[in-house]
Amino acid sequence: MPPVTTAQRPLKQQIFEHVRGLGQVPRVQVARDLRVSPASVTTLTSELIEAGLLEEVQTPREGGWGRGRPAVALRVRPGGYYVMGLKLSDREHTAVVIDLAGRRLASATVARDPRPLSVKATLDAGETLMQRVCAEGGITPDQLSGVGLGTPGFIDGDTGVVHWSPVLDVRGVDLASLLAERLGRPVQIDNDANLVTLAELWFGAGRSLSDFAVVTIEHGVGMGFVMNHQLYRGARGLGMELGHTKVQLDGALCRCGQRGCLEAYLADYALVREARTALNLPDPETRSVGVLLESLYEQAKQGNPAAHSIFRRAGRYLALALANVANLFDPQLIILSGERMRYDYLYAGETQAEMKTMMLETGRAPPALEIHAWGDMIWAHGAAALALQELTAQMLGNGREAAPREPGAREGALS
């Protein structure tokens, strides 16, 4: 099913999502931003307040003083509905529980074997995480309105099928259905880079932007793109695979099985592969990839020319990728996200300068560039945002406003 555009979504849903996106906003601004009548906004927000989805809050007047009643804004009512976000990773699985306003109640982590796992082992980890994170948050699993699942690889979010993922030892798995059956909760699934982008759109730097890109660099290289305030996935939900665009014919072997992919020159396993040859580092079977990367980074900072050259080469490939993103999509902002952003050699001044030289010369400034060195929980938070998006559509989209359970249930758990 194609994504629903802003114009197609019911006005009540648009209003709710606009308030959620801005965090706190007066009714008059909602009417102005959505270009609808103040009377319509007043009527529909009253219904949302009565349903327990929005609430009024007093806001200080500009300058801190003024006559008359205090200014009033709208915000999403905390609590009432809960969703879990689950991120499957090469090194560990993470989960968070958040409420309708995006507040995190709890988080949990399960370590894993770095090799690809069986479907059963993956489902077992998901069930373990759900039990742990719900216990920590003071809720029961049946209070979850939904689960969002993020994993690297080629994911069809509409069907729930994982065509390929480095975390699984099989291809073509209907992982969303299998996990939903195991957990007893509805499950939505998407590529993990898309979900980091969704987290930025819902809770981060992308709240006020119509078009921006997120490039993730961790165990692999991913990308998400927001176009006209909506996450763009492509015709079959498999778009934005920046890490698997080709930068070298018959080049280095990528973990997807093809050669010459960007990821094969930029991801952590690519850096370790280079380091093992240039610096005679031990095999990853002996020391973890993380330890080897830290060793490489320390040597680069201490002036080792071979170590510095490895990061410099990766930075040049990153510059090429970012220039291509800018030339193709012309985003307002490019966010570089992921734990690997701790390695500042990847985005050093020379890398950004090289990006500019490879962009089309239009006389305008290049897109703004921000570095977000998030840890693993941002990926799980993005997965939770996917579940919230589906929950919102169920409650308010297409005329369906019946909630999975009563608003305000277990409200005391949040106090």
Side-chain angles (χ1 to χ4, degrees), residues 1-81 83 98-103 145 197-212 225-232 331-333 385-408:
M1 179 182 297
V4 178
T5 66
T6 300
Q8 293 172 323
R9 299 200 308 278
L11 181 56
K12 187 185 293 187
Q13 182 180 353
Q14 293 182 49
I15 290 172
F16 175 81
E17 292 179 348
H18 193 67
V19 174
R20 178 209 49 74
L22 294 179
Q24 190 168 295
V25 57
R27 286 180 175 84
V28 64
Q29 183 178 336
V30 174
R32 183 169 57 247
D33 291 346
L34 296 182
R35 299 181 180 181
V36 296
S37 71
S40 296
V41 171
T42 297
T43 299
L44 294 176
T45 55
S46 295
E47 294 176 9
L48 289 167
I49 291 171
E50 185 177 351
L53 301 178
L54 295 182
E55 65 181 9
E56 294 181 331
V57 291
Q58 293 185 356
T59 60
R61 291 184 178 276
E62 188 174 350
W65 60 275
R67 301 180 61 183
R69 295 193 303 174
V72 173
L74 298 168
R75 72 177 182 187
V76 174
R77 182 185 178 191
Y81 300 92
V83 297
I98 65 176
D99 67 9
L100 195 62
R103 297 191 312 164
S145 296
T197 307
L198 196 61
E200 294 284 3
L201 175 64
W202 277 55
F203 312 115
R207 271 183 166 185
S208 60
L209 300 178
S210 62
D211 299 85
F212 68 93
F225 191 77
V226 168
M227 183 182 299
N228 192 24
H229 303 284
Q230 296 291 310
L231 186 65
Y232 178 78
Q332 297 164 279
L333 172 69
L386 178 67
L388 277 186
Q389 187 177 61
E390 177 64 19
L391 177 62
T392 301
Q394 288 178 2
M395 292 190 295
L396 303 173
N398 300 319
R400 295 176 300 171
E401 298 175 16
R405 60 187 187 83
E406 284 295 317

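Residues P331 and F212 approach most closely at CB-CA, 4.0 Å, considering heavy atoms. The minimum heavy-atom distance linking A101 with P78 is given by the pair CB-CA, 4.1 Å. Shown here for L11 and S40, the closest heavy-atom pair between the two residues is CD2-CB, 4.4 Å. Listed here is the closest heavy atom pair of S46 and T42: OG-O, 2.8 Å.
Contact annotation: the side chain of V226 never approaches that of D211 to less than 4.5 Å [non-hydrogen atoms, C-beta and beyond]. Side-chain contact check for R27 versus L74: some heavy-atom pair is nearer than 4.5 Å. Contact of the S145 side chain with the E390 side chain is not registered, since no non-hydrogen atoms from C-beta on lie closer than 4.5 Å. Side-chain contact between T197 and F225 is absent, with no heavy atoms from C-beta onward closer than 4.5 Å. The closest side-chain heavy-atom distance from V36 to Q14 is not below 4.5 Å. Between Y81 and V76, the closest side-chain pair of non-hydrogen atoms is not below 4.5 Å. Side-chain contact between L396 and I15: absent, with no pair of heavy atoms (C-beta onward) separated by less than 4.5 Å. Residues L333 and E200 have side chains not in contact (no heavy-atom distance under 4.5 Å, counting atoms from C-beta outward).
Note that CD1 of I98 and CH2 of W202 are 8.0 Å apart. Values are rounded to the nearest 0.5 Å. Note: T392 OG1 to R20 CZ = 7.0 Å, rounded to the nearest 0.5 Å. The CZ atom of R75 lies 11.0 Å from the CG atom of L54; values are rounded to the nearest 0.5 Å. Between atom CE of residue M395 and atom CG of residue L388 there is a gap of 8.0 Å, rounded to the nearest 0.5 Å. Once rounded to the nearest 0.5 Å, the distance linking CG of L22 with CD of E17 reads 12.0 Å. Atoms OG1 and CG, from T45 and L53 in turn, are 12.0 Å apart once rounded to the nearest 0.5 Å.
In the model, Q332 has a side-chain atom that pairs as donor or acceptor with a side-chain atom of S210 under 3.5 Å.
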